[in-house]
Number of protein chains: 4
Amino acid sequence: MRNCHSPSSERRQQFMDAAIELASQRGYEGATIKLIAEKCNVTVGTIYHYFKNKEDLFRQAVQERAFTSILATLLNDIDELPIEKGLFLVAQGFLKVIREAGMLVSIFISESVHNHEIGTIYADMISQNRQMMQAYLDKKIHTGQLGAIDTAVAVQIFFGHFFMAYFHKELLKMDNLPDIDETFVLNSVNLFLRSWQQEGTHV
Amino acid sequence: MRNCHSPSSERRQQFMDAAIELASQRGYEGATIKLIAEKCNVTVGTIYHYFKNKEDLFRQAVQERAFTSILATLLNDIDELPIEKGLFLVAQGFLKVIREAGMLVSIFISESVHNHEIGTIYADMISQNRQMMQAYLDKKIHTGQLGAIDTAVAVQIFFGHFFMAYFHKELLKMDNLPDIDETFVLNSVNLFLRSWQQEGTHV
Amino acid sequence: MRNCHSPSSERRQQFMDAAIELASQRGYEGATIKLIAEKCNVTVGTIYHYFKNKEDLFRQAVQERAFTSILATLLNDIDELPIEKGLFLVAQGFLKVIREAGMLVSIFISESVHNHEIGTIYADMISQNRQMMQAYLDKKIHTGQLGAIDTAVAVQIFFGHFFMAYFHKELLKMDNLPDIDETFVLNSVNLFLRSWQQEGTHV
Amino acid sequence: MRNCHSPSSERRQQFMDAAIELASQRGYEGATIKLIAEKCNVTVGTIYHYFKNKEDLFRQAVQERAFTSILATLLNDIDELPIEKGLFLVAQGFLKVIREAGMLVSIFISESVHNHEIGTIYADMISQNRQMMQAYLDKKIHTGQLGAIDTAVAVQIFFGHFFMAYFHKELLKMDNLPDIDETFVLNSVNLFLRSWQQEGTHV
DNA sequence: AATGAATGAGATTTCATTCAT
DNA sequence: CATGAATGAAATCTCATTCAT
């Protein structure tokens, strides 16, 4: 039988889920141990059986939930598709992931600036995604489907755009911004492709 | 002689500066009144002589520092320049502003998600900048310097790109990202223009 | 084992007792949480483990101690006695109760004016006592032991007299007032009865 | 020209009025120097030119406003009237005085218990009124208009009744109590007189 | 006389963490 | 494993009072 410190103990997961959810709603400071405990119908002491302290709880929670692998799978799947279809699916997939991990995104955004540990986890995650995407674009350049663009910048623009759109529209609920629907993604991808596909350019 | 509640009282400014600086380093919760007071060599009580409470201090500090007008001036100046030069200067100006307001940016990013008041100030600021930039691009389309693009999306991409670049590279200090120097800006602008200048496209 | 929120937890009672005692000596504001905690040999935090806040502590303390039932028992016991004996016992009982609850009386008197919540508890208590006593007097009128007096006013005079006597002599320690002893009560009751027993009067 | 410490300086009066009014609404602790100053359109420092400290301000304010002399005048006026008319006028006058000094009454009631200084002022005032009234009743016994009652107790009952009636009905706003109007006063006086006028009784 | 900035002490409240049971 | 009472440190805020101007 697993002891309580096993990473897959149901209780541990429950605590981490509650921690993430509360922190996404009220910030790290606002997600108190008492609230987390109440949400899980246990008392404060119990949390300390599973995690050394609050920071430990959050580090593990964020760590386990960082979304990397999804992009890997996705890029593999679309390798053979035409680029416009591929980029569309990557964008859709990326949006799906950050929407599902919306609570995590809130935490990354608001804590990364001050909390070095979380900042590092976030940076690593971003970096891995960027590298995979860059490799994908490089291959497309190689096969002539894209012009000779600076893929480092291109990847930044690509993810940055969808991330900011999500942040402003869906996290901060700014109205008077276009909905992030299929049309929006399509238009965005087309805008990128028009620039990336021109032959003979060197950025 | 000005009284302490005049917005331009030197002491008030000093307190607001300290508040912003501390919050950018340690977050809203971490920027305690005691720390702010110590930074200004006064006692906590003094802060409350100038501001009703902590929220009031931060609201006023953020409000007064929100950077809007700079873009207005900038767009006016570049109205007659060729578009590639104009966009380059806008991007440079935008980066200059958020670099100077770096501390504010940290606060906006990390607090907007949980603090509705700051979120609103941030959203208003973003919205104003977006509208001005959109008007500029619309005019350029009218004069034939740009193709018939969706300027709402274009503006989002433009600012979003530079913002994310700044956020990742200079706020979160992610290495293995290109420096945000003149070359980076130039390359980025070119990438955008290639797509925006194509005739006959409709996004 | 009882948890700390059970109304009969010993600790809870101890805190409420200390709160009442301190408030009766120094007023609501003067009865600080720190003092209450010290009196009970715990730290301030502990108080907040048992009560939401200071107001909560006092509301519950006052609520639980409001003296109603005693009069009910008393009036039942004296139902068959001659009226002069009955009134004497009621007066004695009333004085006994407010003497025992002396600290509560201080609080009711001094806080009811400004603290609406305590004012309401006090008013309810007064009202219940008044109604029971009025019913008793009404019955005595019915059986012909009292004249046709206005029992509402009579009850007010009866309790008001003993209350003021207690307030001035024993709470405020005004000297040059007669002691509130058996003779005083007897004289007072006689004075009332002389007026109440006259036949054929209608107030 | 009077200096600011002259008792009749208009400013001093204004401060004391404001202090009494605020304290009657919010209690002694709630009547802060800042509020008093604001009510008088001056700044905190100014109050300290006129009074040594907060306690000094209140002691003087309460002292000057204690209502003694009115009863003296009144009792003089009614000396020749029949006793039932006289008592009626005394009761009316007493109610008028405490109604006009309603704010003072609040303060006396709520502060006397804890604040020894105010308690003493209150006790003195009560004592003086009681003595004058007792002298009046003694005279009436002497002239045969009243029976041989214990005037000390009678005075206590008389003032106590009207005071409690005022306290409960008009200060604490207890509803389901009779209005303290002319009828109420008349009924009350009659109730007292019926008892006081019987010959041959000895209380 | 008047101002109002500044202070220092203290009040309420919150919270991560510990520990005996 | 779980409880929940208890702690201690710290945060926000209030307020009477002082004092240079």
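Each chain gets a letter, A, B and so on, in the order the sequences are listed, and its residues count up from 1.
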S.K.: Counting heavy atoms from C-beta on, name the nucleotide in E:dA6, F:dC15, F:dA6 closest to the side chain of C:R11.
M.R.: F:dA6

S.K.: Select from B:I33 and C:T46 the residue whose nearest nucleotide in DNA chain F is closer to the 5' end of that strand.
M.R.: C:T46

S.K.: Tell me whether D:D17 is salt-bridged to D:R65, with the criterion being a basic N under 4.0 Å from an acidic carboxylate O.
M.R.: yes

S.K.: Mapping B:Y28 and C:N41 onto DNA chain F by nearest heavy atom, which one lands closer to the 5' end?
M.R.: C:N41

S.K.: Between C1' on E:dT12 and CD on C:E55, what's the gap in Å once rounded to a whole number?
M.R.: 13 Å

S.K.: Side-chain N or O of B:Y48 less than 4.0 angstrom from OP1 or OP2 on F:dT14?
M.R.: no

S.K.: Both distances under 3.5 Å, Watson-Crick or G-U wobble: report the partner of F:dA20, or none.
M.R.: E:dT3

S.K.: Quick one: D:E38 CD to E:dT3 P, roughly how many Å, whole number?
M.R.: 12 Å

S.K.: When you check the phosphate oxygens OP1 and OP2 of F:dA2, does a side-chain N or O of A:Y50 lie under 4.0 Å from one of them?
M.R.: yes

S.K.: Run the numbers on B:I109 and A:F167 for side-chain contact (heavy atoms from CB on, under 4.5 Å), then give the verdict.
M.R.: CA-CA 10 Å; B:I109 285 293; A:F167 179 55; 3.9 Å; yes

S.K.: Would the number of heavy atoms belonging to other residues, nucleotides or ligands and lying under 6.0 Å from CZ of D:R59 be above 12?
M.R.: yes

S.K.: Should B:E64 and B:R12 count as an ion pair when the cut-off is N to O under 4.0 Å?
M.R.: yes

S.K.: Tell me whether the side-chain N/O atoms of B:K34 come closer than 4.0 Å to OP1 or OP2 in F:dA11.
M.R.: no

S.K.: Select from C:E29 and B:V42 the residue whose nearest nucleotide in DNA chain E is closer to the 5' end of that strand.
M.R.: B:V42

S.K.: State which of F:dG4, F:dC13, F:dT7 makes the closest approach to the side chain of A:T43.
M.R.: F:dG4

S.K.: For F:dA11, what is the paired nucleotide under Watson-Crick or G-U wobble rules, both distances under 3.5 Å?
M.R.: E:dT12

S.K.: Test for a donor-acceptor pair under 3.5 Å between the base of F:dA2 and the side chain of A:H49, counting only N and O atoms.
M.R.: yes

S.K.: So what does D:V44 touch, heavy atoms closer than 4.0 Å: a base, only the sugar-phosphate, or nothing?
M.R.: base

